[in-house]
Amino acid sequence: MTAIELDQRAVAFLGEKLPTLKVIHQDVLTVDWPSMAAEKGGSMNIIANLPYYIVSQVLFSFADSHRSINKAVVTMQLEVAERIVAKTRTKQYGIPSVVFQLYAKPSINFKIPPSVFFPRPKVDSALLTLDFTQPHPELKRVNGNRLRTVLLTAFQQRRKMLRASLKDLLKKDGVTLPVRWAEKRPEQLTPGVHPPVCGPLRRGKAR
């Protein structure tokens, strides 16, 4: 096991209490997950109780490095966890829902009340598992950056039909959406990759 910790006081405490534990004094947002996995000789399992204000940033770094991670078990705000596992046609359904249901199989293990923390937070929490061993089978054909661009563009105007919100991207790449998708709003589509849609996304090296 390797621990990553930014607070020097916690690093010193771990060194005293667990002298055989490898502790890296580093900001988790700067960790190179693929390099760490390579050093360990294979994909990793990650367990984290993250500061809530950086949860989304860290989770997206996991998605970017999903080939190097088996599972990530993370404590986070319940609201964030519910967005990740949200179903279509719901208010919570958005970019995190699509990304993490494409890159992984997410599941909420259980809710955590504020009373178990000190200091006590003002929000409910949850323990969420992201199983990166079960990505969407077509994900390897898609450029991750292009995928994020399409999602961001679509969900920034989530009440518009895709033919309107993606108009400029579609024109730029010379793509015409089939009617069954063009007349839907992003929140109506389940996470999935269909060849007519992701044609322009396959340019460049997939991440």
Side-chain angles (χ1 to χ4, degrees), residues 1-77 80-81 83-85 94-109 125-152 191-193 195 198-207:
M1 178 180 289
T2 298
I4 300 168
E5 177 56 61
L6 180 62
D7 191 326
Q8 182 59 56
R9 295 168 299 177
V11 172
F13 178 83
L14 290 171
E16 178 184 344
K17 298 296 183 179
L18 299 170
T20 61
L21 175 66
K22 180 180 179 181
V23 182
I24 300 175
H25 184 207
Q26 186 176 350
D27 183 342
V28 69
L29 292 175
T30 66
V31 173
D32 185 332
W33 301 112
S35 293
M36 182 176 289
E39 289 178 7
K40 292 183 172 295
S43 297
M44 305 178 296
N45 292 308
I46 298 175
I47 303 172
N49 183 15
L50 298 167
Y52 285 0
Y53 68 94
I54 62 169
V55 163
S56 293
Q57 293 167 270
V58 177
L59 293 181
F60 278 105
S61 78
F62 292 166
D64 287 336
S65 305
H66 68 281
R67 293 184 180 88
S68 301
I69 302 171
N70 287 321
K71 291 184 179 180
V73 183
V74 183
T75 302
M76 64 187 66
Q77 305 99 308
V80 175
R83 289 204 297 267
I84 289 173
V85 301
I95 294 174
S97 317
V98 178
V99 169
F100 293 106
Q101 290 176 40
L102 283 175
Y103 283 82
K105 180 180 180 181
S107 59
I108 295 178
N109 300 292
S125 303
L127 187 70
L128 178 105
T129 294
L130 293 169
D131 184 350
F132 289 104
T133 66
Q134 301 184 57
H136 191 284
E138 294 294 326
L139 192 61
K140 59 183 178 292
R141 302 170 59 194
V142 176
N143 181 296
N145 286 332
R146 295 283 291 160
L147 175 61
R148 306 284 178 86
T149 297
V150 170
L151 291 176
L152 181 61
V193 183
C198 68
L201 302 180
R202 290 198 293 269
R203 294 179 181 175
K205 184 178 179 181
R207 297 182 65 186

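In what follows, every heavy atom counts, from backbone to side chain, and hydrogens, waters and symmetry copies are set aside.
- Among all heavy-atom pairs drawn from Ser68 and Pro34, the shortest one is OG-CA, 3.3 Å.
- Remark: Thr30 pairs with Gln26, Asp27 by the side chain to side chain contact (heavy atoms under 4.5 Å, CB included) rule, at least two apart or across chains.
- Remark: Lys40 pairs with Thr2 by the side chain to side chain donor-acceptor pair (under 3.5 Å) rule, at least two apart or across chains.
- Of all heavy-atom pairs between Ile69 and Ala72, the closest is CG2-N, 4.4 Å.
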message: Could you go through Leu102 and Val142, starting from their C-alpha distance and side-chain angles, then the distance that decides it, and tell me whether this counts as side-chain contact (heavy atoms from CB on, under 4.5 Å)?
response: CA-CA 11 Å; Leu102 283 175; Val142 176; over 6 Å; no
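- Across all non-hydrogen atoms, the minimal contact from Trp33 to Ser61 is NE1-OG, 3.2 Å.
- Distance alone, capped at 3.5 Å, is enough to place a donor-acceptor pair between the Gln101 side chain and the Ile84 backbone.
- Among residue pairs with one or both ends in residues 42-52, those qualifying as side chain to side chain donor-acceptor pair (under 3.5 Å) are Tyr52-Ser125; sequence neighbours excluded.
- Listed by chain and number, the residues in a side chain to side chain contact (heavy atoms under 4.5 Å, CB included) with Pro19 amount to none (sequence neighbours excluded).
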field: Chi angles and distances behind the side-chain contact (heavy atoms from CB on, under 4.5 Å) call for Met76, Leu59
entry: CA-CA 10 Å; Met76 64 187 66; Leu59 293 181; 3.8 Å; yes
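- Listed by chain and residue number, nothing satisfies the side chain to side chain donor-acceptor pair (under 3.5 Å) test with Thr149 (two or more places apart in sequence, or in another chain).
- The distance from atom CE of Met44 to atom CG of Asn70, rounded to the nearest 0.5 Å, is 9.0 Å.
- In terms of the side chain to side chain contact (heavy atoms under 4.5 Å, CB included) criterion, residue partners of Glu39 (sequence neighbours excluded) are, by chain and number, Lys22.
- Residues satisfying the ring pair (Phe, Tyr, Trp, His ring centres under 6.0 Å) test with Phe60, not counting sequence neighbours, are Phe100.
- Scanning for side chain to side chain donor-acceptor pair (under 3.5 Å) contacts around Ser65 gives an empty result, with sequence neighbours left out.
- Surrounding CD1 of Ile54 are more than 12 heavy atoms belonging to other residues, nucleotides or ligands, all under 6.0 Å away.
- Residue pairs meeting the salt bridge (charged side-chain N to carboxylate O under 4.0 Å, His left out) criterion with at least one partner in residues 9-19, sequence neighbours excluded, are Asp7-Arg9.
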Side-chain donor-acceptor pairs under 3.5 Å in residues 126-133, sequence neighbours left out?
unit_1	atom_1	unit_2	atom_2	d
Thr129	OG1	Asn109	OD1	3.4
Thr129	OG1	Asn109	ND2	2.9
Asp131	OD1	Thr133	N	3.0
Asp131	OD1	Thr133	OG1	2.4
Asp131	OD2	Thr133	OG1	3.4
Asp131	OD2	Gln134	NE2	2.9

